[in-house]
Each structure stands twice: as C-alpha cells, then as structure tokens.
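Computed from a predicted model, the values in this text were never measured in an experiment. Labels below follow one simple rule: chain letters A, B, ... track the order of the sequence lines, proteins then strands, and each chain is numbered from 1.
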Protein chains: 2
Amino acid sequence: MSVPPRYRAKSRVDVSGEESRAKAVAVATELFALTGFKGTSVAAVAAKTGLSQSGLLHHFPSKAVLLTAVLEERDRQDGEFLAGSAGPPLGWAAFDALAALVARNSARPHLVGLFVRLAAEATEPAHPAHAWVREHYSGLQRWLAAAVRSGQEDGEIAADAPVGSIVRTTIAVIDGLQQQWLLQPDEVSMTAEFEAFTGTLRARWAR
Amino acid sequence: MSVPPRYRAKSRVDVSGEESRAKAVAVATELFALTGFKGTSVAAVAAKTGLSQSGLLHHFPSKAVLLTAVLEERDRQDGEFLAGSAGPPLGWAAFDALAALVARNSARPHLVGLFVRLAAEATEPAHPAHAWVREHYSGLQRWLAAAVRSGQEDGEIAADAPVGSIVRTTIAVIDGLQQQWLLQPDEVSMTAEFEAFTGTLRARWAR
DNA sequence: GTCTATAGAGTGATAGAC
DNA sequence: GTCTATCACTCTATAGAC
C-alpha cells in the first residue's frame, strides 16, 4: 500500500525544504557558538548553509526567529537527555543527571560556547533571546528544586537542607565552570570539578 | 615656590584633555555594560561623552584600545579593593575579601553586566579582550590559590584540602551567581548565596 | 523554494580645517 | 583637542524574477 508517485514527488520537495531549514539551524548553532549572536551575520549563516541570504530568510523571516529556532532545538535535546528514559530523575539522581549532562558538554565546546555567550548577551532586556534565557533559568531552577524536595520526602536528603540555595549554587557552579573551561580547556575538568562539588553537597545533606 | 603661570595654563589644557578621556572611559564602561562590546558603537560612546566620534578617537585610536582602557580601570579598582589596606588577605580572610567584593558588586548591576557580557564575548579567541580575560582569570586563580596555601601553612585550612578545586569552584560560584542575579535581581542575593557557599567550605576544610 | 539586486541604515576609521 | 565631512564597508531586510 504505497503512496502514489506524484505525492512522493511532492513530498520530496517538502523534504528538501525541511533539509535546508534543519541545516540552517545546525549552521546557525555553530556560528552563533563561534562568534555570538550579534557577532554572526545572516549572510554568514546563509553562505555556510549553501543558500543565499534571501533563501535563508525565506525559512526564517528574521534573524531573531532563526535564533529562537536554535534555542528551542537545544532545549528540546537537553530536555530529552535530562528527563531520561524512565521519567525525570528525583533526589540525588537529578545531580547525577546533571553530571552526565556536564560530561556530555565536555565533548561539545561549540555548544557550550553558544550557551555561555548567548546567556550573557541575553541578560540585556532588549535582546531577542531575553525571554528565552529567563524561562530557561527559572525552568531549570523549578526542575532541580522539585527533585530536591522529592529527595527530602523520600528521606534521602536532609529535611532542613536549604533547597533554594542548593539549587542556585549548583546551577552557578555549572555556569561558572563552563566559563573557565572555555578559557582553559586543558587545565579545567568540568566533570571532575562538578562531581567534587556534588560530593560536598552529599557529605553535608545526605541522610 | 609656585609654578609659573604659563605652565599652569598649559597644565589646565592637559587637565581638560584628561577629563574628556576619563569621562569617555566612564561612559564606555556604562554602555559596554548595557549592550556589550560588539553591541556598542563608538558613535554612541562619543555622543554620551559629549564629543564627536573623531574627538573620541583622538584619545583612543581604535575601539579596541578604548575597551582595554575600560578593563584596566576596572582591574585597577578591584585590585585595590581586594588587596586591602594591610596587604593581601591570606587564608579564610581572602574569602571574606571576596564576599566583600560580591556585596559591593550587588550595588553595581551595570559593572556586573559589563563583566559577565564581556567575559563571555571574550572567550572567543579573536576577541580584542581575549588576552585580558585569560589573564584576569589566571591572575584571580593564582591570587586565591596563594591565599589558600598560606592558610594551610598557618594551620587554618586543612593540609589535605584540594586547593585547585576550591579555587576554581569558588570563582565559578561567583560568576554563576552574577548570571542568575542579572536575570532575577529580586530573587537572588549574591551575598547570601556566596556566604552560604563559603560557610560550606569552612565547615569542611577549616582546622 | 531559491535566486539577484538593492534599499536603507549603521559601522569603524581617516583627512584635514580650526 | 576637537570639529565636520567623508570613505569604504557591513548589516538586516525587502522586491520581484524564475
């Protein structure tokens, strides 16, 4: 029961369009990572995608729309990774999941560079990604806070552990390590440092 | 034994030049903080300084030179603050000095924004401030590592404390807290979070 | 869906008068 | 030391042909 040829042909045209779009997102991710959002021109993304500037702007009517496509794709991938196959990790397992994400990022300096540069650029309220970066952080905080509270209910984490403080400091350590690692990739091990930090957390708050 | 009038007059002209220069550095600091280095035009700095673009470029032959002037001024001020009046603080006193710097920064969101945005932009090797940011971090690491080692020699800090790890994580916490504070100024207290963190360090490594 | 061509604004930097 | 005027370039976005 195969699809009639003429529909296949039409589908093939659509797929070509989808492929240009997907390739553009991948290229934009790489270039925004290398030179930041403001530092990357639409023309550069188009050239590396193999399109003219206008060809690219057919898919993304403005540079800001292209940026949101890049960010949504990254959040989608990281969300999948953090959620795990057996539902969201709770208690200390959430810190293990973060450690796994840090280890994974240690092999992707471009993506880390993109995030560090963009998160900093987008602290400016007028930046096109400002809403995204605010939601990104508060979402991460909510996710980790829920995991910690769940660990407290299970008796795995001390009931008097300061949830908000642990959440904010943990996220701060990840961000700060990324910054130092980008500058000193051979001297800083994000994985080792983050695991040393979570070890300290466990030593103090595990029950 | 006063200086002859004609030298005073000449001096007065020089002072006027110095004032334009100093004002330009202050304005550039503020604008780079608000919109990043790449996001700030020389024309904007000139306008807010009260000079034409060329008038500004008389003092700083290029935008990159203006940037280094801004960064050197900030490092000079922070270095003075951290060094203290009685020489560089050693042992746990170094963490107190950092906490004081964090508290001071909590009243200067523009300066924090400048640093966060610029440090991120400048992780790119081709950025005009790349050399500065690398030296800034390794200098800070050296300073704090020396203080910790001194504390170990004095028996104030455990001899088996992992110096490098403590240093990198402490700097990471400061950087990461700045990022979150810029996005959520009313929900995050950099001072409280940093002091909670150093409290954890002391609980584990104080002797 | 992709192209060429171009509008229209903004960029960093320079030349030369005062 | 500061100005006006201008150069050569890059940027995002649009119009319209194919």
Side-chain angles (χ1 to χ4, degrees), chain A residues 6-28 31-32 34-70 118 121-122 124 126-129, chain B residues 6-28 31-32 34-70 118 121-122 124 126-129:
Chain A
R6 64 173 168 279
Y7 286 104
R8 286 211 186 178
K10 184 175 191 305
S11 166
R12 204 171 285 131
V13 169
D14 286 344
V15 165
S16 152
E18 282 302 300
E19 277 170 5
S20 278
R21 204 194 130 93
K23 180 162 189 193
V25 170
V27 167
L31 291 186
F32 289 169
L34 282 170
T35 46
F37 174 68
K38 283 179 184 165
T40 302
S41 68
V42 175
V45 177
K48 192 150 190 174
T49 307
L51 287 177
S52 70
Q53 186 174 329
S54 306
L56 175 63
L57 287 177
H58 166 73
H59 296 283
F60 309 93
S62 78
K63 193 187 180 188
V65 172
L66 174 57
L67 174 60
T68 63
V70 166
L118 212 53
E121 271 186 18
E124 176 200 350
H127 193 281
Chain B
R6 64 173 167 279
Y7 286 104
R8 287 210 185 176
K10 185 177 192 303
S11 166
R12 206 171 285 132
V13 169
D14 285 343
V15 164
S16 153
E18 282 302 303
E19 277 170 6
S20 278
R21 205 194 129 92
K23 178 159 190 195
V25 170
V27 167
L31 291 187
F32 289 168
L34 281 170
T35 47
F37 174 68
K38 283 178 184 165
T40 302
S41 68
V42 175
V45 177
K48 191 149 189 173
T49 307
L51 287 178
S52 70
Q53 186 172 330
S54 307
L56 175 63
L57 288 177
H58 167 74
H59 296 283
F60 309 93
S62 78
K63 194 187 179 187
V65 171
L66 174 58
L67 174 59
T68 63
V70 166
L118 212 51
E121 271 186 19
E124 175 198 352
H127 194 281

Between [X] and [Y], is any pair of side-chain heavy atoms under 4.5 Å apart?
X	Y	result
A/Val65	A/Ser62	yes
B/Leu67	B/Leu118	yes
A/Leu34	B/Glu124	no
B/Ser20	B/Leu51	yes
A/Val42	A/Leu66	no

Would one find a side-chain N or O of B/Ser20 under 4.0 angstrom from OP1 or OP2 of D/dT2?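 Result: yes.
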Presence of B/His58 side-chain N/O under 4.0 Å of D/dG1 phosphate oxygens OP1/OP2: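 Affirmative; the distance criterion is met.
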Which is true for B/Leu56 with a 4.0 Å heavy-atom rule: it touches a base, it touches only sugar-phosphate, or it touches nothing?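 Here B/Leu56 touches no strand at all.
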Interatomic distance where [atom1] belongs to [X] and [atom2] belongs to [N] [whole Å]:
X	N	atom1	atom2	answer
A/Leu66	D/dT12	CG	P	10 Å
A/Lys38	C/dG10	NZ	C1'	14 Å
B/Leu57	D/dA5	CG	C1'	15 Å
B/Arg21	D/dT2	CZ	P	12 Å
A/Leu31	D/dC11	CG	P	12 Å
B/Lys23	D/dT2	NZ	P	12 Å
B/Phe60	C/dT14	CZ	P	16 Å

Taking [Y]'s backbone N and O only, do any of them form a donor-acceptor pair with [X]'s side chain (distance below 3.5 Å, no angle check)?
X	Y	result
A/Glu121	B/Gly36	no
A/Lys48	A/Ala28	no
A/Lys38	B/Thr35	yes
A/Gln53	A/Ala46	no
B/Lys63	B/Thr40	yes

Please find the pair of heavy atoms, one from B/Phe60 and one from B/Ala24, that lie closest to each other, and give the distance.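 Of all heavy-atom pairs spanning B/Phe60 and B/Ala24, the closest is CE1-CB, 3.9 Å.
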Heavy atoms from C-beta onward define the side chain here; which of D/dC3, D/dA13, C/dC3 lies closest to that of B/Ser52?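 Closest nucleotide among those given: D/dC3.
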As a test of reading the structure: which of C/dT2, D/dG1, C/dG12 is closest to the side chain of B/His59, going by heavy atoms?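 From the listed options, D/dG1 comes nearest.
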I'd like a table of atom pairs between the protein and nucleotides 6-8 of chain D - only N or O on both sides, under 3.5 Å - with the distance next to each one.
none

For nucleotides 15-18 of chain D, print each protein N/O atom paired with a nucleotide N/O atom at under 3.5 Å, atom names and distance only.
none

Does anything in residues 40-47 of chain B come within less than 4.0 Å of DNA chain D? Heavy atoms only, and list the residues if so.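 Heavy-atom contacts with DNA chain D come from no residue of residues 40-47 of chain B; none.
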